[in-house]
Amino acid sequence: MHNNMNININILSIIRENQDIINKILHEQNLNAQNLKKMIEAYENLYEYTNDIKYKKNIGNIYYFYFNDKDKALENFSEYISKIHNDSSVLHLISNIYKSKKDNTNYKKYLEMAINSSFLNIHNSIPNSEDVILGLNIGVAAGLSMNDDVKYGVEVYKKILQYSPIPANIMTPYLNLELKKANQLFKDENWLEAMIKYKNIFNNSTLEEGDFIRLIDCLAELKETDLAMEYLKKYEETAKDKVRADYVIGDLLYFKFNKIPESIERFERYILSNQTDALVYNTLGHLYSTYYNDKFLDKQLNYFLKAHELNPNSKTFIRNIALIYSKMNDFKNADKYYNLMLKLNPSYNDYFDYGCFLIHNGDFKKGYKYFLNRFNKETKPALYPPMLPSDKLLKTQKEIANKTILVQCEQGYGDSIMYARFVKELSTIAKKVLFIVQNELVDLFKTSSLGAEILPLDTDFAQLDYDYHVPIMNLPYILGTKSSSIPHTNKYLTVDEKKVEHFACEFITNKNKFKIGLSFEGNDVSRDLNRDIELNKFLPLMTKKNIDVYILQHEDPKKQIDKLPSKCNIINVGKDFTTFEDTASAIKNMDLIITTDNVILNLAGALGVKTIGIFNKFTEYRWFDIKGEDVRWYKSIKPYQAKNMDEWDEIINQIITDLQL
């Protein structure tokens, strides 16, 4: 008796476990191939332990709708229908399978069975039955829509009418009922069930634009892109307003499937007939900018200008024009449109963007004044410790003399390194400077002569005695810095010589080889701004026999180093760094640093080490002049800039040529 109880408990546990697997996948709506196979296995287990035939129907549905495996679907549906004889939905699917197999006898047999089962329980003029609509699908979609068997389809439809007490408009009430259910399922984010219902309605009638868009939304959520493209084609074929159809399809192609070239084609066709839609002109400019980046700038500009002409009061359109003129290095027109934007109820984001534009064009005085708005931005505002009292915020240089100033770091490591030069400048004016930095920078900054007391980021502000506090990136504005008067461009950070010597003993493998420190990737921000370069682009450099390449970055999230061929002369030292003092020690041991726009670039420049900085065609706002022999912020960094966005091969080959490696 005790053993039987344990067996029953084990079975119940297995059943619950498999039900949980299925419910979890359905709740998350993550119906990828791996999860679908898990569901099949779970349904098989449930059938084995419960002998409930409904699980065979579920298995058949997955094989039919997701894997298009009609043989396995038929096997499971047949076993199900052997016990449940009047399920018209399954009979309908079986008939379709036989239809695809060109087995006309079984196709008609199961079609007839499906129709008969649909009307077994009709008692009211509008029965609330899921199966009736399937019966209609059989008669119209599977009959009339199959042009190789129209005659039989008509006969089936007549038979439906004989069963039904409703006259020839029998489809209307059922389709309306199904549409109501589909919309509720869509609202509940039950994408699969909603999609099936919308699809059934679309196969028998014409969906209104909003309902059709919801069908495509469902397919997008289910990642059924190929099927969605088929329905977009059907929609275009049946749409009465072909111009409007181009707009709807273009919108869906972009926003739901990110098919930008196809979306551009649709929208450009649309504006041939509708030349007054400002939003579409703006969308076209945006699509060209997103997909082609620095190509077709004239076309991008023309679309944005046309949008502005149609709606002159849109800040979005004006901002886009300013951005394109900026990319075209047309400062005069870019500045004109930025100022026009600032006359239209400007936001803090607008002021910040204009500040970045001015800094990027070398106007530090006005630029850093507008840059003060970064903490008030409506989206992604810069962060600053809220416990620092607002009445002690440093605003002018007049307040500095004979005062203790607390400087707070902000944003990333590279920002702290780049702007630390201003802390050194501040220390020559103020009585005392307290400099709070990220913990990983504390040791390095303490060994450098910045003239400030260096404190870690987790310092308790309540224990500090100061007169004013200031965000570090406010200092260029407060100190009145111009692009022609940036302080300490040669070197302002130092590292303990013992650390440098220790690194040489520990990691330098061959002192006779030319040593290059390489950094190819920054954090998420640098990836978003197109600063990074795939590591394999440096293969022509890393395979040179007379050099060793030392990887300086601490992280390699895409495991690019592991994918390099064995012939590469690389030493991955960055993985062992714990502080930037370690990184600085490595940099000081190199003959040359080659890096993209990331923290290593700033650190090498601040240490005064010979460096090659690789920049994309469009640079981050601080790099206002990289046309000369240095980057203006750092004399030791020689810039190389891509002629076109993300085209790195020419630059790397030029570097190798210039270095005569």
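We use all heavy atoms of the structure for the numbers below, so side chains are in, but hydrogens, waters and symmetry mates are not. Note that the numbering runs from 1 along the sequence shown for the chain.
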Does N439, at its CG atom, have more than 12 non-hydrogen atoms belonging to other residues, nucleotides or ligands within less than 6.0 Å?
yes
Kindly compute the distance separating NE2 (H554) from OG (S519), expressed to the nearest 0.5 Å.
12.5 Å
Are any of the side-chain nitrogens in K315 or D350 under 4.0 Å away from the carboxylate oxygens of its partner?
yes
Looking at K306 and E309, does any basic side-chain N land under 4.0 Å from a carboxylate oxygen?
yes
Hey, is the main chain of K366 close enough, under 3.5 Å, to the side chain of D363 for a donor-acceptor pair?
yes
Yes or no on side-chain contact (heavy atoms from CB on, under 4.5 Å) for L592 and T611, after CA distance, side-chain angles and deciding distance?
CA-CA 6 Å; L592 174 70; T611 301; 5.6 Å; no
Is the OH atom of Y291 crowded by more than 12 outside heavy atoms at less than 6.0 Å?
no
Is the distance between the ring centroids of F212 and F202 under 6.0 Å?
yes
Would one find more than 12 heavy atoms of other residues, nucleotides or ligands at under 6.0 Å from atom OH of Y492?
yes
Can you give me the closest heavy-atom contact between M473 and Y621, atom names plus distance?
CE-OH, 3.4 Å
Could you tell me whether K392 sits above the aromatic face of Y468, with NZ or CZ closer than 6.0 angstrom to the six-membered ring centre and within 45 degrees of the axis?
no
Locate the shortest heavy-atom distance separating K537 from I652; write the atom from each residue and the value.
O-CD1, 3.3 Å
Partners passing salt bridge (charged side-chain N to carboxylate O under 4.0 Å, His left out) against D562 (at least two apart in sequence or in another chain):
none
Parallel, tilted or perpendicular: which describes the rings of Y354 and Y338, with under 30° parallel and over 60° perpendicular?
tilted
Heavy-atom donor-acceptor pair, N653 side chain to D649 backbone, under 3.5 Å
yes
Evaluate whether atom CD of E378 has more than 12 neighbouring non-hydrogen atoms of other residues, nucleotides or ligands under 6.0 angstrom away.
yes
Donor on one side chain, acceptor on other, Y254 and H286, under 3.5 Å
yes
Salt-bridged, E555 to K575, with N to O below 4.0 Å?
no
Is there side-chain contact between M195 and L219, with at least one heavy-atom pair below 4.5 Å?
yes
I594 to F538 - nearest heavy-atom pair and separation
CG2-CE2, 4.2 Å
Would one find more than 12 heavy atoms of other residues, nucleotides or ligands at under 6.0 Å from atom NZ of K365?
no
E268/L284 under side-chain contact (heavy atoms from CB on, under 4.5 Å): CA gap, chis, key distance, verdict
CA-CA 8 Å; E268 289 187 327; L284 277 166; 3.7 Å; yes
Is the closest side-chain heavy-atom distance between L601 and T596 below 4.5 Å?
no
At what distance, to the nearest 0.5 angstrom, does CD1 of I436 lie from CD1 of I472?
11.5 Å
Do the side chain of E262 and the main chain of G250 share a donor and acceptor less than 3.5 angstrom apart?
no
Determine yes or no for a side-chain-to-main-chain donor-acceptor pair under 3.5 angstrom, with D532 supplying the side chain and G522 the backbone.
yes
Taking everything shown except E208 itself, do over 12 heavy atoms lie less than 6.0 Å from its CD?
no
Does S483 use its side chain to pair, donor to acceptor, with the backbone of G362 at less than 3.5 Å?
yes
Kindly indicate, with the supporting measurements, whether the criterion side-chain contact (heavy atoms from CB on, under 4.5 Å) is fulfilled by L603 and Y413.
CA-CA 9 Å; L603 181 54; Y413 299 116; over 6 Å; no
Heavy-atom closest pair, residues H308 and F317
N-CD1, 4.0 Å
Please answer whether the main-chain N or O of L539 pairs with a side-chain N or O of T543 as donor and acceptor at a distance below 3.5 Å.
yes
R269/E265 salt bridge by N-O under 4.0 Å criterion
yes
Is the positively charged end of R374 above the ring of Y384, judged by distance under 6.0 angstrom from the centroid and angle within 45° of the axis?
no
Would I614 and I655 count as a side-chain contact (heavy atoms from CB on, under 4.5 Å) here? Give the steps.
CA-CA 10 Å; I614 304 179; I655 290 171; 3.8 Å; yes
Would you give the length of the straight line joining atom CZ of F364 to atom CG of L358, rounded to the nearest 0.5 angstrom?
11.0 Å
Is any side-chain heavy atom of S636 closer than 4.5 Å to one of V609?
no
Any donor-acceptor N/O pair, Q300 side chain to N293 backbone, under 3.5 Å:
yes
If I take atom NZ from residue K635 and atom CG from residue N490, how far apart are they, to the nearest 0.5 angstrom?
7.0 Å
Is there a side-chain contact between I593 and I516 in this structure, where contact means two heavy atoms from C-beta onward sitting under 4.5 Å apart?
no
Is there side-chain contact between V631 and K638, with heavy atoms separated by less than 4.5 Å?
no
Between R319 and D353 (salt bridge meaning N to carboxylate O under 4.0 Å), is one present in this structure?
yes
Work out which heavy atom in Q438 is nearest to a heavy atom in Q411; give both atom names and the distance.
NE2-O, 3.5 Å
If you define the side chain from C-beta out and look only at heavy atoms, does anything of V280 sit under 4.5 Å from Y247?
yes
Any donor-acceptor pair under 3.5 Å from S485 side chain to K482 backbone:
yes
Parallel, tilted or perpendicular, judged at 30° and 60°: which one describes the rings of Y634 and W623?
tilted
Could you tell me whether E534 and K558 have a side-chain N and a carboxylate O separated by less than 4.0 Å?
yes
Main-chain N/O of N376 paired with N373 side-chain donor or acceptor, under 3.5 Å:
no
Please indicate whether E236 has more than 12 foreign heavy atoms, meaning atoms of other residues, nucleotides or ligands, lying under 6.0 Å from its CD.
yes
Does K242 have more than 12 heavy atoms from other residues, nucleotides or ligands lying within 6.0 Å of its NZ?
yes
Under the ring pair (Phe, Tyr, Trp, His ring centres under 6.0 Å) criterion, do F445 and F435 qualify, and how do the steps go?
CA-CA 9 Å; F445 281 12; F435 186 16; 5.6 Å; yes
Under 4.5 Å between any side-chain heavy atoms of M328 and I324, yes or no?
yes
Does the side chain of L388 come within less than 4.5 Å of L406's, by heavy atoms?
yes
Does S314 reach the main-chain N or O of N311 with its side chain, forming a donor-acceptor pair under 3.5 Å?
no
Could you tell me the separation between the CG atom of N333 and the CG atom of D330, rounded to the nearest 0.5 Å?
4.0 Å
Nearest-0.5 Å distance, CD1 of residue I321 to CG of residue N282
9.0 Å
Taking the six-membered ring where the residue is Trp, are the ring centres of F352 and F371 under 6.0 Å apart?
yes
Can you give me the closest heavy-atom contact between F615 and P639, atom names plus distance?
CE1-CB, 4.0 Å
Taking salt bridge (charged side-chain N to carboxylate O under 4.0 Å, His left out) as the definition, give me every residue that meets it alongside R632, ordered by chain and number, with sequence neighbours left out.
D625
Applying the side-chain hydrogen bond (donor to acceptor under 3.5 Å, both in side chains) criterion to Y270, which one of D246, D251, D277 satisfies it?
D277
